[in-house]
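Read the structure below first, then the notes.
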Amino acid sequence: MKRKEFEKELAKLQVELVRLQTWVKAKGARIIVVFEGRDTAGKGGVISRITARTSPRVYRHVALPVPSDREKTQVYVQRYIAHFPAAGEIILFDRSWYNRAGVEHVMGFVSDEEYERFLALAPAVEREMIVKTGIILRKYFLDVSQDEQRRRFEARINDPVKHWKLSPMDTESVWRWWDYTAAYQRMIEATHTPETPWYIVPADDKRRARLNLIRHLIDSIPYKKVDIDLPKIPKPQARPKGATEDLGAGEPIPSRY
């Protein structure tokens, strides 16, 4: 898909995202969107397109760091629950509690017993603590091919702007491709339910993936356009006698562009 076509379609979807935002605020709705997927699949990219034209007070991007020593002693999902939405909020989890079934399992950071317990309990937790409490839950898994993942990693290595996206775990995900494949297959099979299904997003084509995911998210939520009272711009005050627009104190920055 050409960039111009992508930007045109994205602009239409962003209008709908703002309408969804207005409805969520008006109705006090609560939404959680989980973004999981392989490394380089584009989770951050699609989230940035969702939040580019929306309010950060409604669309909240949550990307939790490695758990602290204190958090490691909590009930596993506890630190995620702390970020669940209040009325009028949409929480975008950039990776989620499913870390336990992905990187933690593959890299041996969790015992087999803890891993199996998570797979058994996750559907019940999502059903009882999310869906049945009135929160709308959407779970997306962005998938890329092995060749495309390698190409994107190489592009990151060659682009200084993207170096922050690289970590030692990245090379492990390349080497352990088939371990991760088996882990994700098991995760989705065990936690895909009628109440909380997984939606798979083919993401070798980033632009199409972003548009398709956002379109699906919008279509899957039964919102309606809410009429809002737009403010009228008042006439400005009359300039006081002797007043100037110059701020006076302060040092202007150099004009280099």
Side-chain angles (χ1 to χ4, degrees), residues 1 33-49 61-69 71-74 76-77 79-80 92-123 126 138-192 196-210 212-213:
M1 173 177 285
V33 187
V34 167
F35 295 86
E36 290 288 343
R38 293 185 184 274
D39 288 335
T40 77
K43 298 177 291 297
V46 71
I47 291 172
S48 69
R49 269 61 178 188
H61 179 189
V62 177
L64 298 185
V66 174
S68 65
D69 289 341
E71 288 171 332
K72 289 177 182 178
T73 68
Q74 295 176 340
Y76 176 67
V77 297
R79 75 186 190 123
Y80 295 100
L92 309 174
F93 275 109
D94 187 349
R95 294 202 181 277
S96 66
W97 46 94
Y98 282 101
N99 271 343
R100 175 133 297 183
V103 64
E104 290 189 10
H105 170 59
V106 173
M107 299 303 298
F109 298 152
V110 64
S111 69
D112 290 343
E113 181 182 358
E114 289 171 320
Y115 166 70
E116 294 295 342
R117 185 185 306 121
F118 170 80
L119 291 180
L121 291 179
E126 292 173 355
R138 297 292 178 267
K139 302 189 299 186
Y140 293 101
F141 187 91
L142 285 76
D143 196 23
V144 292
S145 65
Q146 189 173 23
D147 288 343
E148 179 62 14
Q149 185 186 64
R150 293 183 66 89
R151 189 194 67 77
R152 292 181 187 180
F153 273 132
E154 290 171 357
R156 289 182 180 183
I157 291 171
N158 294 326
D159 187 349
V161 175
K162 297 181 179 180
H163 285 176
W164 65 273
K165 294 184 176 183
L166 296 167
S167 72
M169 286 294 179
D170 294 336
T171 55
E172 285 291 329
S173 68
V174 173
W175 179 60
R176 295 177 181 266
W177 171 270
W178 291 109
D179 289 340
Y180 273 101
T181 297
Y184 290 140
Q185 289 171 342
R186 176 83 192 285
M187 177 188 83
I188 293 171
E189 180 182 15
T191 61
H192 174 75
T196 61
W198 277 103
Y199 296 104
I200 311 302
V201 184
D204 274 11
D205 185 323
K206 280 187 177 181
R207 291 172 181 169
R208 292 186 187 278
R210 289 165 181 170
N212 286 329
L213 192 156

If you measure from CZ on Arg38 to CZ on Phe141, what distance do you get to the nearest 0.5 Å?
6.0 Å

For the residue pair Tyr180 and Tyr184, does the interplanar ring angle fall in the parallel (under 30°), tilted (30 to 60°) or perpendicular (over 60°) class?
tilted

Output the distance between atom CH2 (Trp177) and atom OG1 (Thr181), rounded to the nearest 0.5 Å.
5.5 Å

How are the rings of Tyr199 and Tyr140 set to each other: parallel, tilted or perpendicular (split at 30° and 60°)?
tilted

Measure the shortest side-chain to side-chain distance between Val201 and Val46 over non-hydrogen atoms and say whether it is less than 4.5 angstrom.
no

Pairing of Asp159 and Arg152 as salt bridge, 4.0 angstrom limit:
no

Could you report the tightest heavy-atom contact between Val144 and Ala41, atom names first, then the distance?
CG1-CA, 3.7 Å

Rounded to the nearest 0.5 angstrom, the NE2-CG distance for His61 and Asp94 is 4.0 Å

Check whether any side-chain heavy atom of Leu64 lies under 4.5 Å from a side-chain heavy atom of Asn99, and answer yes or no.
no

Given side chain to side chain contact (heavy atoms under 4.5 Å, CB included), test Val77 with Leu121 step by step and report yes or no.
CA-CA 11 Å; Val77 297; Leu121 291 179; over 6 Å; no

Within the distance-only criterion (no hydrogens, no angle test), does the side chain of Lys139 pair as donor or acceptor with the backbone N or O of Thr196 below 3.5 angstrom?
yes

Pairwise distance CD(Gln146) to CZ(Arg151) - rounded to 0.5 angstrom:
14.5 Å

Taking Tyr115 for its side chain and Val110 for its backbone only, find out whether a donor-acceptor pair lies under 3.5 Å.
no

Separation between CD of Glu36 and NZ of Lys43, rounded to the nearest 0.5 Å
7.5 Å

From Arg79 CZ over to Glu71 CD, what is the distance, rounded to the nearest 0.5 angstrom?
5.0 Å

Identify the heavy atoms of Asp69 and Thr73 that sit nearest to each other, and give their distance.
O-CG2, 3.5 Å

Can you name the nearest heavy-atom pair linking Ala183 to Val106, along with the distance?
CB-CG2, 3.7 Å

Nearest heavy-atom pair of Met187 and Ala101: which atoms, and what distance?
CG-CB, 3.6 Å

With no hydrogens and no angle check, just 3.5 Å: does a side-chain donor-acceptor pair link Glu148 and Ser145?
no

Any idea which heavy atoms bring Ser96 and Val34 closest together, and the distance?
OG-CG1, 3.4 Å

Thr40-Arg150 side chain donor-acceptor pair, cut-off 3.5 Å
no

Shortest non-hydrogen contact between Pro202 and Ala209, atoms and distance
O-CB, 3.6 Å

Test Tyr98 against every option in Trp198, Tyr80, Phe93, Phe35 by the side-chain contact (heavy atoms from CB on, under 4.5 Å) rule and name the one that passes.
Trp198

